[in-house]
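Below is one structure, written out as structure tokens; the observations come after it.
Note on naming: letters A, B, ... go to the chains in the order of the sequence lines (proteins, then strands), and numbering restarts at 1 for each one.
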There are 2 protein chains.
Amino acid sequence: MPSGRKPAAPDTNARDRLIEATAKLMRDEGYAAATSRRVAAEAGVKQALVYYYFPTMDDLFVEVLRSGADASLERMRAALTADDPLQTLWDMNSDSRLTGLNTEFMALANHRKIIRTELRAYAERVRDIETAAVTVAMRARGLDTEKYPPVAISMLIAQTARSLCNEDAVGVTLGHAELRSLIAARLAEFS
Amino acid sequence: MPSGRKPAAPDTNARDRLIEATAKLMRDEGYAAATSRRVAAEAGVKQALVYYYFPTMDDLFVEVLRSGADASLERMRAALTADDPLQTLWDMNSDSRLTGLNTEFMALANHRKIIRTELRAYAERVRDIETAAVTVAMRARGLDTEKYPPVAISMLIAQTARSLCNEDAVGVTLGHAELRSLIAARLAEFS
DNA sequence: GTCTATAGTATGATAGAC
DNA sequence: GTCTATCATACTATAGAC
């Protein structure tokens, strides 16, 4: 295979570095900080090169969302067939790197049509996978999937994890211990 | 009383109009759209006047947060002594005007210290009030506040309502009906 | 309290050399 | 594929007239 190398090194091609640099800036300083100049500097290239790979900055943002989404979906598919899908669901939605980016994209999506469309498509694919995993887990334990629809349970777990993460990010921790142990007790019933 | 008028009219003084215009722009187009020029135009004044009332744009943002927070806390205090505090808690956190602004402030808070500090203080005051209301409601119905800490219950209700609202804003509705009716059934047990 | 005018800087995007 | 150079535009913030 001629081009079979996949270096995990920090630098691959310029395009990938630009995408990664944009994600980093969005996480650390918000989407408004991800300007063509700053993104280029972070990736170690000149500003004009951004427009060689991406027609507009919005196209760059969409690509950041897509590549992150693909990686996330891949991880989720693998993880949710594991021993403890519900705990895995909780853990994955507690990753502050992901929830931080997600907040930025939610804010961006509120006023940019292309990003809204892309984010919606991604969110629904994620929900489908998560719901499938919860369905399997609940049936295996003989739980009532009529009274407690798996899609509702998976939303409850994912959204609670993400909310706690978002609050942590701004320094709000009041009540977190209580909610965490309540969830932990509930999740333990499934294991 | 010399200055006792409180006109609900769209125009009061310039300062208030600037704060309201900023909130509107943040809701409709995101915080990045709330520039001194656009805010001034929306309020019907000239750009330089923004800096007469607010030393920097961040000071304006903080003031938007404060005035919104004060109004919200006032409404919440009044509402939570009502007949059905838990339903009220749900309804107040389902207001898309508030949750939209909240998303913007969360994103802003992720990279602006002053706003993070202000948002944290507000979030904790809100949580205190909500928790107090849930405590009263649970005790009145003889529910176990040891096993189900009121602060955790109030967080669960508020965050679920807000999450559904945030998703609605970007067009995601998958699973909402199921989660809503699950919550409705739970809330009904308290009434 | 509200304005005009402007300084100084950063932005998205393009043209064209190599 | 990557660069230099630049245009047109927008931004925050200040100075100073009225």
Task: dA13(D) base / Gln47(B) side chain donor-acceptor hit below 3.5 Å - done: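 Side chain to base: pair present.
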Whole angstroms only, please: what is the [atom1]-[atom2] distance between [X] and [N]?
{"X": "Tyr53(B)", "N": "dA13(D)", "atom1": "OH", "atom2": "C1'", "value": "18 Å"}
{"X": "Glu29(B)", "N": "dC11(D)", "atom1": "CD", "atom2": "C1'", "value": "16 Å"}
{"X": "Tyr31(B)", "N": "dC11(D)", "atom1": "OH", "atom2": "P", "value": "15 Å"}
{"X": "Asp59(A)", "N": "dG12(C)", "atom1": "CG", "atom2": "P", "value": "13 Å"}
{"X": "Leu49(B)", "N": "dC3(C)", "atom1": "CG", "atom2": "P", "value": "6 Å"}
{"X": "Lys46(B)", "N": "dT2(C)", "atom1": "NZ", "atom2": "P", "value": "13 Å"}

TODO: Identify the heavy atoms of Thr35(A) and Ala32(A) that sit nearest to each other, and give their distance.
DONE: CG2-O, 3.7 Å
Task: Residue met sooner reading DNA chain D from 5', once Arg37(A) and Ala32(B) are mapped to nucleotides - done: Arg37(A)
Can you check whether [X] has a side-chain N or O nearer than 4.0 Å to OP1 or OP2 of [N]?
{"X": "Tyr52(A)", "N": "dA13(C)", "answer": "no"}
{"X": "Tyr51(A)", "N": "dT14(C)", "answer": "no"}
{"X": "Ser36(A)", "N": "dG12(C)", "answer": "yes"}

Open item on the list: Applying the side-chain hydrogen bond (donor to acceptor under 3.5 Å, both in side chains) criterion to Arg162(A), which one of Asn93(A), Asp95(A), Thr99(A) satisfies it?
Closed with: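 Going through Asn93(A), Asp95(A), Thr99(A) one by one, the side-chain hydrogen bond (donor to acceptor under 3.5 Å, both in side chains) with Arg162(A) is satisfied by Asn93(A) alone.
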Task: Gap separating the CD atom of Glu104(B) from the NE2 atom of His111(A), nearest 0.5 angstrom - done: 6.5 Å
Task: Upstream residue (5' side of DNA chain C) when Ala48(A) and Ala33(A) are each assigned their closest nucleotide - done: Ala33(A)
Open item on the list: As a test of reading the structure: which of dC3(C), dG1(D), dA15(C) is closest to the side chain of Val45(B), going by heavy atoms?
Closed with: dC3(C)
Task: Residue pair Asp59(B), Thr56(B): steps toward the side-chain hydrogen bond (donor to acceptor under 3.5 Å, both in side chains) verdict - done: CA-CA 5 Å; Asp59(B) 291 308; Thr56(B) 71; 2.9 Å; yes
